[in-house]
Amino acid sequence: RAKSEGSPTPCFYDAPLDQIIRDRRELANDLRRAIDENRLEVHYQVQASIATQEVTGYEALLRWTHPERGPISPSVFIPIAEENGLILPLGEWVMRRACTDAVGWENDLKVAVNVSPVQLAHADLPRLFHQIMLDTGLPPRRLEIELTETAIMADRAHALHVLRQIKALGVGVALDDFGTGYSSLETLRAFPFDKIKLDRLFVSELDGSPETIAIIRAVLALGKSLSIPVLAEGIETDLQLDVLRREGCDEAQGFLLGYPQPVSAAGPSPFIEGSDGKPLPGRNDLSN
Ligand code: C2E
Ligand code: MG
Ligand code: MG
Ligand code: MG
């Protein structure tokens, strides 16, 4: 490779930036191959009612183990897939996998699947979901999609139109990472959400911070007055769960209840098995 001979203005950032771009392109290619070769996995993390301690469903979370680099976080590879359009086949694959797995679960448990803003904007989701329900036999009321505010922001009119069609199928819609977007109240007013997922940022700061408790109270009051149940994400300690229970939070999810696990069958109630604060057995996901 020709080396620059006395390049007049050597740029400090050239090499690393070049490296980053090459790295991403390589990862994108590897991801494409992993999808083709069916080497991605879906893990499931339990969601439960705080009051009754019953499991209500599981969130599907993508897992990719790179042949050389090991496990790669979805917060790294999802943005890459969104950049180059791979998220469309990938999102469809996850949805099919999750619905296929969930059909076998007992007690009408729900499966929650994350949907990217790019899918909402560029895929015909109502038609796709309808087709997947037909193909897998999963009743639509057992599927819930999780959207962040980012998904809605780009084109609110289009998002509302699509969400209404998705809801008309009988599929539920949850607002993910609530509290970290910048127009949460307007979003709640205008969009027909079935669940609010309080971002784990608030839960992690719960221990003893009066401001955080005040914010959580306000969100729970908002949920109550809009008749939208609130799920708290990222619960890791008994103390956090106790506070949320006391404040009247509806549902819980987090490492305290269970790590994402490669199970397709419904597990036992996490409060019975894991009430000592230990995660459920069989976990192999400690990457977070
Ligand atoms: P998310 O949808 O908000 O998912 C929750 C994330 O928090 C997951 O990270 C989960 O493993 C992690 N988590 C759960 N409980 C705890 C806890 O108690 N403590 C801590 N520290 N973390 C906890 P994960 O699996 O790495 O996924 C990260 C993000 O990647 C997800 O955030 C979601 O935005 C995205 N993602 C994952 N799977 C998919 C997918 O299939 N499609 C799309 N479009 N995005 C996905
Ligand atoms: Mg989610
Ligand atoms: Mg979330
Ligand atoms: Mg998130």
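- Going from atom SG of Cys249 over to atom CG of Leu198 covers 7.0 Å, rounded to the nearest 0.5 Å.
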Check the pair Ile50, Glu251 against side-chain contact (heavy atoms from CB on, under 4.5 Å), reporting the backbone distance first and the verdict last. CA-CA 5 Å; Ile50 292 181; Glu251 286 186 45; 5.5 Å; no

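- A 4.5 Å side-chain heavy-atom check between Ile145 and Met95 finds at least one atom pair inside the cut-off.
- How far CD of Gln240 is from CD of Glu205: 10.5 Å, rounded to the nearest 0.5 Å.
- Comment: Asp36 does not engage Arg33 in a salt bridge, judged by the lack of any side-chain N to carboxylate O separation of less than 4.0 angstrom.
- The distance from atom CZ of Phe191 to atom CD of Glu149, rounded to the nearest 0.5 Å, is 9.5 Å.
- Salt bridge Glu144/Lys197: absent, no basic N to carboxylate O contact under 4.0 Å.
- In this structure, a donor-acceptor pair under 3.5 Å is present between the side chains of Gln47 and Gln253.
- Looking only at side-chain heavy atoms (C-beta outward), Asp176 and Glu233 come within less than 4.5 Å of each other.
- Counting heavy atoms from C-beta on, the side chains of Thr187 and Phe178 never come closer than 4.5 Å.
- To the nearest 0.5 angstrom, Glu186 atom CD is 5.0 Å from Arg156 atom CZ.
- In this structure, CD1 on Ile152 lies 3.5 Å from CZ on Phe193, to the nearest 0.5 angstrom.
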Evaluate Asp108 against Arg141 for salt bridge (charged side-chain N to carboxylate O under 4.0 Å, His left out), listing each step before the verdict. CA-CA 9 Å; Asp108 275 0; Arg141 68 188 150 71; 3.2 Å; yes

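- Screening residues 86-98 for side chain to side chain donor-acceptor pair (under 3.5 Å) gives Asn38-Trp93, Arg96-Asp135, Arg97-Asp101 as the qualifying pairs, with residues at least two apart or on separate chains.
- Other residues, nucleotides and ligands contribute at most 12 non-hydrogen atoms within 6.0 Å of the CZ atom of Arg25.
- Contact of the Leu256 side chain with the Thr237 side chain is not registered, since no non-hydrogen atoms from C-beta on lie closer than 4.5 Å.
- The 12-atom threshold is exceeded at CZ of Arg39, counting heavy atoms of other residues, nucleotides or ligands nearer than 6.0 Å.
- No side-chain heavy atom of Glu54 sits less than 4.5 Å from a side-chain heavy atom of Asn107.
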Worked check of side-chain contact (heavy atoms from CB on, under 4.5 Å) between Met133 and Leu143: CA-CA 9 Å; Met133 298 296 102; Leu143 172 64; 3.5 Å; yes

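- Note that CG of Asp199 is 8.0 Å distant from OG of Ser204, once rounded to the nearest 0.5 Å.
- The closest side-chain heavy-atom distance from Leu206 to Leu244 is below 4.5 Å.
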Take Trp64 and Leu27 through the test side-chain contact (heavy atoms from CB on, under 4.5 Å) and record every step on the way to the result. CA-CA 11 Å; Trp64 178 28; Leu27 262 193; 3.8 Å; yes

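- Residue pairs that meet the salt bridge (Lys or Arg N to Asp or Glu O under 4.0 Å) test with at least one member in residues 210-225, sequence neighbours left out, are Arg217-Glu247.
- A heavy-atom distance below 4.5 Å is not found between the side chains of Leu31 and Ile72.
- A pairwise comparison of heavy atoms in Ala190 and Leu160 identifies O-CD1, 3.5 Å as the closest pair.
- Within a 6.0 Å radius of NE2 in His66, more than 12 heavy atoms belonging to other residues, nucleotides or ligands are found.
- Salt bridge status for Arg246 with Asp242: absent, with no side-chain N to carboxylate O gap under 4.0 Å.
- Proximity of Asn114 to Leu61: side-chain heavy atoms (C-beta onward) are separated by under 4.5 Å at one or more points.
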Test side-chain contact (heavy atoms from CB on, under 4.5 Å) on Leu222 and Ile196; report intermediate values, then the result. CA-CA 10 Å; Leu222 195 58; Ile196 295 168; 5.7 Å; no

Apply salt bridge (charged side-chain N to carboxylate O under 4.0 Å, His left out) to the pair Asp194 and Lys110, showing each step before the final yes or no. CA-CA 13 Å; Asp194 301 291; Lys110 286 192 184 184; over 6 Å; no

